[in-house]
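Reviewing the structure listed below.
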2 protein chains.
Amino acid sequence: MSRRDVRDTPRPAPTPTTEGQRTVADTTAPPPSVSGGSRRPVPPQSRYGNRPTMKDVAARAGVGLKTVSRVVNAESGVTPDTERRVREAIDALGFRRNDSARVLRKGRTASIGLVLEDLADPFYGPLNRAVEEVARAHGALLINGSSAEDPDREQELVLALCARRVDGLIVIPAGDDHRYLEPEMAAGVATVFVDRPAGRIEADVVRSDSFGGARAGVAHLIAHGHRRIGFIGDQPRIHTATERLRGYHAAMADAGLPVAEGWVALGSTAPERVRAAAEAMLEGTADEAVTAVFTGNNRVTVTVVRVLAGREHPVALVGFDDFELADLLHPGVTVVAQDAATLGRTAADLLFSRLDGAGGAPVQVVLETRLVPRGSGEIPPERGRE
Amino acid sequence: MSRRDVRDTPRPAPTPTTEGQRTVADTTAPPPSVSGGSRRPVPPQSRYGNRPTMKDVAARAGVGLKTVSRVVNAESGVTPDTERRVREAIDALGFRRNDSARVLRKGRTASIGLVLEDLADPFYGPLNRAVEEVARAHGALLINGSSAEDPDREQELVLALCARRVDGLIVIPAGDDHRYLEPEMAAGVATVFVDRPAGRIEADVVRSDSFGGARAGVAHLIAHGHRRIGFIGDQPRIHTATERLRGYHAAMADAGLPVAEGWVALGSTAPERVRAAAEAMLEGTADEAVTAVFTGNNRVTVTVVRVLAGREHPVALVGFDDFELADLLHPGVTVVAQDAATLGRTAADLLFSRLDGAGGAPVQVVLETRLVPRGSGEIPPERGRE
DNA sequence: GTGAAAGCGCTAACAT
DNA sequence: ATGTTAGCGCTTTCAC
């Protein structure tokens, strides 16, 4: 009954409901007979579930190993007739080239690694996708991982990718010290950092203009009459968080506005923390409470939207990062949009240009942001509380 | 000036704005001296940017190759003292084990492939993440790719993953014929299909109860007084689309309600098509126009929300799939929620149980959906148009 | 046009 | 406790 094993642990399915359990005719179709024409008495049960190798194909086709290699790699110098015989053997045996061996020999893996913060974060979806498109265009596979914003985990992942000898690496850094990458980069692993600069090493970076974007967003609120504006952002060890805070301060200073102590909250983007921070700066005496909030990223923005939805008095809001459906909320959420797909595409293009031999000093590409007014950022301060 | 190459193509950065171009002190730090104590006159410029190998480490530490291997793999049987010397050599040389070679030898790559439809689709984010978590727990890396809902591209990707000898495969099928996977599966590539069953082969499947979920969602609309309900879903070759349509028909039949011709629209989820379909079924004479819509997935739902937002008369809506901020819209969007993270986790658990040797016939796990009322699904039909 | 031999960097199996 | 040998499946080199 059972396929490869005799252990009578039935364990048909993990925890959840098991429906049909459709008792199958029989999956035990005999493996695509590696036996065939190969005269060897069956090798000592090789790994890979004993798949046929080029040697097997060669034996079956009655040609040399190298000829098979030529056919598989579409190299020239093979008679149509020989090629046909080889192809027949390949099909009959169900041969598929083992790229692991190829990689070992060639030294390039045709794969790149992408380390981001959270695969589930919608902000990274388009970035991930854009990187994949470029990789695909270059015939490379994409190995993916999340750092969960944990520097140790980032390092662990990056080094695992290096051990796999990925050709290149795109990293959204969680940590602020990337010297551990120096030997790898010196050994030829092209590396491009995205969204935030690398820490303590010189490396290519592609990022958005966090400072300028935040400054423009806060200026937008000021232009709409606000004088007391709060800032809620991510943890200060994250570069973009402090850059955006700098932008906030610059805009306030530009307008000659003071910044009260309770108006700035940097920290975890956990909903509870953000909620508490927002509520704190919205309360207080009339000349202490903010009339507008600038949020440092999409997760924070969404939480603040929820907080504001529960309040009587309208509060203006501009958020860094765009997000789906921002336009359908009431009011629509005004944002400083950055283009995640372009971020990813640019980084990947840069990476492959390095892999193709482009030299030169590390480069920093900064993408402009775009202010998208949708309503929430154009709410004036409440009468009597300006 | 330039690092590895003399080609004077400056090509510092791709298209976008290049800010700082911070002219770097000098990245040309001499590579971490692969030279060192190794007496060999420098090997013939090996690949991998001539990284040190175990052999180099062994030479430097004055021990045998196998001893280095033992240290690197934390095997027993090495004197603390020898170990120290080996570790010193490793650090000095910046050695990192080449997993490509390891893989070739061991036969297992400790990596799995995940093929989904679109890395950028927020629905797959949590699924992707859940799979990654499980992979990580098993010490495996995740190779990712999008099929773009194109069967050929799916096959191309899957076979590329097989050539890399991933240990296992999680596939959200785009095509409806997976016989091309038979030789791979017979050769030992564990494969679990998610979201939709495999076509024309027997294989493990983890999916949500599309039929039951849709039936419950439509019944919910009927319970709120609707008799003319539209269905807008994905292309009929996608299994979930037809299953959900089946659920729609079942609910209507359960209530003894007829289904008019213009009420069902299956096809691309491109916004224009969905918009047109929605508008068509909302127009028409009073006893032809629908008073409620059931949407077959999150992309369709979002588009229909946009359509409805522009209309005077309220129309009830229930959508398959939950999405972020559905609760913050006006009205909140009632959905049939499926748990993407559990889908991914279950599939990955199943995959690794297969890899750990769990035999038995292919299994089908079906996860229950959950109706989440939020307002849009509880709108009664307009007076006089029931 | 074709093939034999060497070897990529590692681990398994067997010495010592 | 440590080292030596063979070979994973492929590509490279060079000979025929």
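Note on naming: letters A, B, ... go to the chains in the order of the sequence lines (proteins, then strands), and numbering restarts at 1 for each one. The figures here come from the full heavy-atom set of this structure, side chains too, leaving out hydrogens, waters and symmetry mates.
- To the nearest angstrom, C1' of C/dG9 lies 8 Å from CZ of B/Phe95.
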I'd like a table of atom pairs between the protein and nucleotides 2-5 of chain D - only N or O on both sides, under 3.5 Å - with the distance next to each one.
from  : atom 1 : to      : atom 2 : distance (Å)
D/dT2 : OP1    : B/Thr79 : OG1    : 3.1
D/dT2 : OP1    : B/Thr82 : OG1    : 2.8
D/dT2 : OP2    : B/Thr79 : N      : 2.7
D/dT2 : OP2    : B/Thr79 : OG1    : 3.1
D/dT2 : OP2    : B/Thr82 : OG1    : 3.1
D/dT2 : O4     : B/Arg70 : NH2    : 3.2
D/dG3 : OP1    : B/Gly64 : N      : 3.3
D/dG3 : OP2    : B/Gly64 : N      : 2.5
D/dG3 : OP2    : B/Thr67 : OG1    : 2.6
D/dG3 : O6     : B/Arg70 : NH2    : 3.0

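- B/Arg84 has its CZ atom 17 Å from the P atom of D/dA1, to the nearest Å.
- Taking side-chain N and O atoms only, A/Asn73 has a distance below 4.0 Å to OP1 or OP2 of D/dT11.
- A salt bridge is absent between B/Glu117 and B/Arg153: the closest approach of a Lys/Arg side-chain nitrogen to an acidic carboxylate oxygen does not fall below 4.0 angstrom.
- Between the P atom of C/dA4 and the NZ atom of A/Lys55 lies a distance of 12 Å, rounded to the nearest Å.
- Taking atom CG of residue A/Asn98 and atom C1' of nucleotide D/dC8, one finds them 9 Å apart after rounding to whole Å.
- Under 4.0 Å is where a charged nitrogen must lie from a carboxylate oxygen, and between A/Asp118 and B/Arg129 at least one such pair does.
- Atom CD in A/Glu75 sits about 14 Å away from atom P in D/dC10, given to the nearest Å.
- When rounded to the nearest whole Å, the span between CZ of A/Arg105 and P of C/dC10 equals 15 Å.
- A/Arg87 meets the side chain to side chain donor-acceptor pair (under 3.5 Å) test with A/Glu83; sequence neighbours excluded.
- The side chain of A/Arg165 places no N or O atom within less than 4.0 Å of a non-bridging phosphate oxygen (OP1 or OP2) of C/dG9.
- Listed nucleotides C/dA6, C/dG9, C/dT11 differ in distance to B/Met54; the shortest reach to its side chain belongs to C/dT11.
- Using a 4.0 Å cut-off between charged nitrogen and carboxylate oxygen, A/Arg136 and B/Glu156 count as a salt-bridge pair.
- The aromatic rings of B/His138 and B/Phe352 sit parallel to each other, their planes meeting at less than 30°, with 60° as the upper class boundary.
- Atom pair B/Arg164:CZ and D/dC8:P shows a separation of 22 Å (rounding to whole Å applied).
- A salt bridge links A/Arg97 with A/Asp99: the distance from a Lys NZ or Arg NE/NH1/NH2 to an Asp or Glu carboxylate oxygen falls below 4.0 Å.
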A/Glu154/A/His178 under side chain to side chain donor-acceptor pair (under 3.5 Å): CA gap, chis, key distance, verdict: CA-CA 10 Å; A/Glu154 171 204 302; A/His178 296 92; 2.9 Å; yes
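- Taking atom CG on B/Leu104 and atom C1' on D/dC8, their separation rounds to 4 Å, with Å as the unit.
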